[in-house]
Amino acid sequence: MESFVHPFAEGLSLLAHLLGGSYGLAVVAIAVAVRLVLLPLTLRLAEQGWHRQQRMRALKPQLDALRERHAKDPMAYARAAQALNKQHGITSGLGGGLLVSAVQAPLGIGIYAAIRQSVAAAGSFLWIPRLARPDFLLALAVAALTYAAITLNPAMPAQMKTALQMLPVLVSFLMVWHLAAGLGLYWAGSSSVNVLQAALLRRRVRRHHWA
């Protein structure tokens with residue numbers, strides 16, 4: 001494990017040196033860079049998910065009719081629904097999500113471990129006195145970014161936003177509040193790109209409606 005983490009720790013240390021010795025700025029820069037590299041893929045997957053959602057919404061009357069027809073046979077309904085989805089080109093979309101996870105997982109593990117090692121001796125950043133300790137204001141900032149990303153996401157029905165918004169907002173707040181601020185900064189940098197992705201998806205969806 002140490003040999004795996006070492007390159008990430010060295011890269012973080014080098015970037016901090018190039019940024020005037022600021023580990024906090026280096027963490028944010030790495031988080032934003034990783035998410036920006038993945039943004040074309042994650043944005044495309046999000047757009048495909050939105051189109052899939054619209055097609056499924058259009059098929060709802062037919063799915064409801066199939067559910068009534070096969071009310072006593074759930075397996076028959078499942079087969080009929082699968083055939084209808086296949087007929088209209090609706091797939092699960094899991095392949096792309098698994099690809100993103102396969103790319104993000106090793107990067108996330110390596111960077112997470114490198115940050116944990118580095119911030120133990122790191123100093124302050126902006127209003128944060130010690131990156132090795134949790135910070136309440138940072139937790140609030142991450143929660144606000146999470147809220148903004150969900151609010152801007154056009155794939156979530158308006159009537160569900162209020163109910164579903166608060167859970168990830170609360171989870172992100174509690175997690176960051178109990179993490180070292182250095183790790184919280186990585187979360188904040190990644191969340192800022194999530195907001196950008198939601199805004200770009202919203203723009204593409206509007207163009208689709210106008211077309």
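For clarity, every value in this text was computed on a predicted model and none was experimentally measured.
- Put simply, the side chain of Ser22 never gets that close to the backbone of Leu19: no donor and acceptor are under 3.5 Å apart.
- Under the side chain to side chain donor-acceptor pair (under 3.5 Å) criterion, Ser172 pairs with Thr146, sequence neighbours left out.
- By the side chain to side chain contact (heavy atoms under 4.5 Å, CB included) test, Glu47 is found to be paired with His51, Leu201, Arg204, residues two or more places apart in sequence or in another chain being considered.
- Residue Leu196 holds its CG atom at 7.0 Å from CG of Leu36, rounded to the nearest 0.5 Å.
- With sequence neighbours excluded, the residues satisfying side chain to side chain contact (heavy atoms under 4.5 Å, CB included) with Leu179 are Tyr112, Leu183, Trp187.
- Here the shortest heavy-atom pairing between Pro168 and Ile150 reads CG-CD1, 3.2 Å.
- Contact of the Met175 side chain with the Val142 side chain is not registered, since no non-hydrogen atoms from C-beta on lie closer than 4.5 Å.
- For Val37, there are no side chain to side chain contact (heavy atoms under 4.5 Å, CB included) partners two or more places apart in sequence or in a different chain.
- Here the straight-line distance linking atom CZ of Phe125 with atom CG of Leu138 works out to 9.5 Å at 0.5 Å rounding.
- Heavy atoms only, all atoms of each residue included: Ala148 and Val195 are closest at CB-CG2, 4.1 Å.
- Leu18 shares a hydrophobic cluster with Leu14; the chain of contacts runs through ILVMFWY side chains whose heavy atoms sit under 4.5 Å apart.
- Looking only at side-chain heavy atoms (C-beta outward), Val27 and Ile30 stay at 4.5 Å or farther from each other.
- Side-chain atoms of His178 come within 3.5 Å of backbone atoms of Leu174 as a donor-acceptor pair (strictly under, hydrogens ignored).
- Separating the OG atom in Ser191 from the OH atom in Tyr186 is a distance of 10.5 Å, to the nearest 0.5 Å.
- With contacts defined as side-chain heavy-atom distances shorter than 4.5 Å, the pair Leu38/Val193 does not qualify.
- Taking each heavy atom of Ala29 and Leu15 in turn, the nearest pair found is CB-CD2, 4.1 Å.
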**Report entry** Test side-chain contact (heavy atoms from CB on, under 4.5 Å) applied to Asn194 and Thr42, step by step
**Finding:** CA-CA 10 Å; Asn194 288 341; Thr42 56; over 6 Å; no
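- Among all heavy-atom pairs drawn from Ser192 and Leu145, the shortest one is N-CD1, 4.1 Å.
- Annotation: ring pair (Phe, Tyr, Trp, His ring centres under 6.0 Å) contacts of Phe173 (sequence neighbours excluded): Phe136, Trp177.
- Nearest heavy-atom pair across Asp135 and Ala181 is CB-CB, 4.3 Å.
- Residues Leu152 and Arg202 come closest through the heavy atom pair O-NH1, 3.1 Å.
- Side-chain contact between Ser190 and Val32 is absent, with no heavy atoms from C-beta onward closer than 4.5 Å.
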